[in-house]
S.K.: 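Attaching a single structure in structure tokens format; questions to follow.
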Amino acid sequence: MRRVINSEMNVREQCYTTKVKPVYVYCVKMEPVGNQVICRNLNVAKEVLYMGVTPQLKGKSGYKPGIPMFVTADGTYLQLNTVDNYMRALSPLGFDLFHPSCLVNVPLVERIEVGQYGNDAYFKGAPGISVPVSKAKTAVYPHLAVRGGW
């Protein structure tokens with residue numbers, strides 16, 4: 001039996017099921033490991049849960065605001081480029097802007113919890129990591145939406 005889905009969802013599901021070439025980005029891990037700076041290539045389509053930007057913090061900070069950062073299950077990595085450039089490059093892999101500062105790897109989203117005070121996306125294999133989701137974007141992914149515990 002074939003399901004009928006809207007055209008935007010059909011395009012997104014095709015992105016998830018087709019074989020795509022890996023996209024690697026060379027990044028620096030934000031948190032040193034054993035006083036060592038970790039630099040490595042991230043496979044964006046397989047490892048990156050979401051992409052955000054470093055926040056503007058008051059007072060002293062070790063980094064500038066607005067630097068693109070990739071969040072994986074094992075940590076956060078920084079890379080000097082713009083979110084717009086990544087959005088253009090990663091959209092064909094299933095990434096979507098869930099919030100103005102979060103470019104999310106949708107195939108790795110387990111669920112979007114719809115809450116009384118806002119919605120949050122949670123990732124497969126990464127308990128405790130979540131990102132905010134706009135109401136408009138939640139409506140685009142109704143198959144991922146579940147009611148929160150309120």
Side-chain angles (χ1 to χ4, degrees), residues 8 11-141 143-150:
E8 185 172 351
V11 169
R12 292 188 193 288
E13 285 184 4
Q14 287 174 3
C15 288
Y16 306 155
T17 58
T18 57
K19 299 280 185 191
V20 293
K21 291 173 75 174
V23 174
Y24 290 97
V25 178
Y26 190 71
C27 296
V28 177
K29 192 167 186 177
M30 277 182 74
E31 307 86 12
V33 177
N35 289 329
Q36 296 288 321
V37 174
I38 305 297
C39 299
R40 71 181 192 89
N41 285 320
L42 294 178
N43 182 340
V44 177
K46 301 263 181 176
E47 296 180 75
V48 174
L49 302 172
Y50 72 93
M51 181 191 158
V53 294
T54 54
Q56 177 145 5
L57 300 174
K58 293 183 180 184
K60 287 190 172 184
S61 174
Y63 54 84
K64 292 182 178 182
I67 297 172
M69 60 184 192
F70 294 98
V71 178
T72 67
D74 75 323
T76 302
Y77 295 82
L78 298 177
Q79 211 279 328
L80 301 176
N81 210 325
T82 67
V83 174
D84 289 338
N85 286 341
Y86 281 113
M87 197 161 63
R88 281 191 295 277
L90 300 177
S91 289
L93 298 177
F95 279 72
D96 198 359
L97 205 59
F98 271 28
H99 190 268
S101 64
C102 290
L103 189 60
V104 174
N105 191 347
V106 180
L108 298 182
V109 172
E110 180 177 59
R111 69 188 184 282
I112 297 173
E113 285 191 7
V114 178
Q116 188 173 7
Y117 302 107
N119 306 331
D120 294 297
Y122 292 86
F123 300 93
K124 300 170 188 169
I129 297 177
S130 67
V131 295
V133 184
S134 69
K135 288 180 184 180
K137 208 47 84 164
T138 300
V140 173
Y141 298 98
H143 63 289
L144 294 173
V146 296
R147 276 268 182 234
W150 48 279

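Every value quoted in this text rests on a predicted model; they were computed, and no experiment measured them. Just so you know, these numbers use all the heavy atoms, side chains as well, and skip hydrogens, waters and symmetry mates. Numbers here are sequence positions counted from 1.
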S.K.: Just jot down the side-chain contact (heavy atoms from CB on, under 4.5 Å) partners of Asp84, sequence neighbours excluded, or say none.
M.R.: Thr82, Met87, Arg88
S.K.: Listed by chain and number, what are the side-chain contact (heavy atoms from CB on, under 4.5 Å) partners of Val25, not counting sequence neighbours?
M.R.: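 Only Cys27, Val44, Phe70, Gln79, Tyr86 meet the side-chain contact (heavy atoms from CB on, under 4.5 Å) criterion with Val25.
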S.K.: Please report the interatomic distance CE(Met69) to CE(Met30), rounded to the nearest 0.5 Å.
M.R.: 6.5 Å
S.K.: Sorted by first residue and then second, give each salt bridge (Lys or Arg N to Asp or Glu O under 4.0 Å) pair with at least one member in residues 30-39; sequence neighbours left out.
M.R.: none
S.K.: Look only at the side chain of Asn41 and the backbone of Tyr24, and say whether a donor-acceptor pair between them is shorter than 3.5 Å.
M.R.: no
S.K.: Do His99 and Pro132 come close enough that some side-chain heavy atom pair is under 4.5 Å?
M.R.: yes
S.K.: Are the side chains of Asn105 and Leu49 in touch, meaning some heavy atoms are under 4.5 Å apart?
M.R.: no
S.K.: So, the side chain of Lys137 versus the backbone of Asp96: is there a donor-acceptor pair under 3.5 Å, distance only?
M.R.: no
S.K.: Where do Leu103 and Leu90 land on the side chain to side chain contact (heavy atoms under 4.5 Å, CB included) test, with the steps shown first?
M.R.: CA-CA 9 Å; Leu103 189 60; Leu90 300 177; 4.3 Å; yes
S.K.: Could you walk me through whether Val131 and Asp120 satisfy the side chain to side chain contact (heavy atoms under 4.5 Å, CB included) test, starting with their C-alpha distance in whole Å, then the side-chain angles of each, then the deciding distance to 0.1 Å, before giving a yes or no?
M.R.: CA-CA 5 Å; Val131 295; Asp120 294 297; over 6 Å; no
S.K.: Extract all donor-acceptor atom pairs below 3.5 Å that involve side chains of residues 71-78 and protein atoms in other chains or at least two apart in sequence.
M.R.:
{"unit_1": "Thr72", "atom_1": "OG1", "unit_2": "Asp74", "atom_2": "N", "d": "3.3"}
{"unit_1": "Thr72", "atom_1": "OG1", "unit_2": "Asp74", "atom_2": "OD1", "d": "2.4"}
{"unit_1": "Thr72", "atom_1": "OG1", "unit_2": "Gly75", "atom_2": "N", "d": "3.3"}
{"unit_1": "Thr72", "atom_1": "OG1", "unit_2": "Gly75", "atom_2": "O", "d": "3.0"}
{"unit_1": "Asp74", "atom_1": "OD2", "unit_2": "Tyr77", "atom_2": "OH", "d": "3.1"}
{"unit_1": "Tyr77", "atom_1": "OH", "unit_2": "Arg40", "atom_2": "NE", "d": "3.1"}

S.K.: Please list, chain by chain and in numerical order, all residues satisfying side-chain contact (heavy atoms from CB on, under 4.5 Å) with Asn119, sequence neighbours excluded.
M.R.: Ile112, Val114, Val133, Lys135, Thr138
S.K.: Does the side chain of Tyr141 reach to within under 4.5 Å of the side chain of Val106, using non-hydrogen atoms?
M.R.: yes
S.K.: What pairs with Phe123 under ring-ring contact (aromatic ring centres under 6.0 Å, His included), at least two apart in sequence or on another chain?
M.R.: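 Here the qualifying residues are Tyr50.
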S.K.: Report yes if some heavy atom in the side chain of Val53 is under 4.5 Å from a heavy atom in the side chain of Ile67; otherwise report no.
M.R.: no
S.K.: Counting only heavy atoms from other residues, nucleotides and ligands, does the tally under 6.0 Å from NZ of Lys124 exceed 12?
M.R.: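 More than 12 heavy atoms, drawn from other residues, nucleotides or ligands, come within 6.0 Å of this atom.
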S.K.: What are the two closest non-hydrogen atoms of Gly125 and Pro127, and how far apart are they?
M.R.: C-CD, 3.6 Å
S.K.: Would you check if Arg111 and Leu144 make a side-chain contact, meaning some heavy-atom pair closer than 4.5 Å?
M.R.: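 Contact flag for Arg111/Leu144 side chains = no.
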S.K.: Going from SG on Cys39 to OH on Tyr26, what distance comes out if it is rounded to the nearest 0.5 angstrom?
M.R.: 4.0 Å
S.K.: Run Val28 and Val37 through side chain to side chain contact (heavy atoms under 4.5 Å, CB included) and show every step you take.
M.R.: CA-CA 7 Å; Val28 177; Val37 174; 3.7 Å; yes
S.K.: Drop me the distance from Cys102's SG to Met51's CE, to the nearest 0.5 angstrom.
M.R.: 10.0 Å
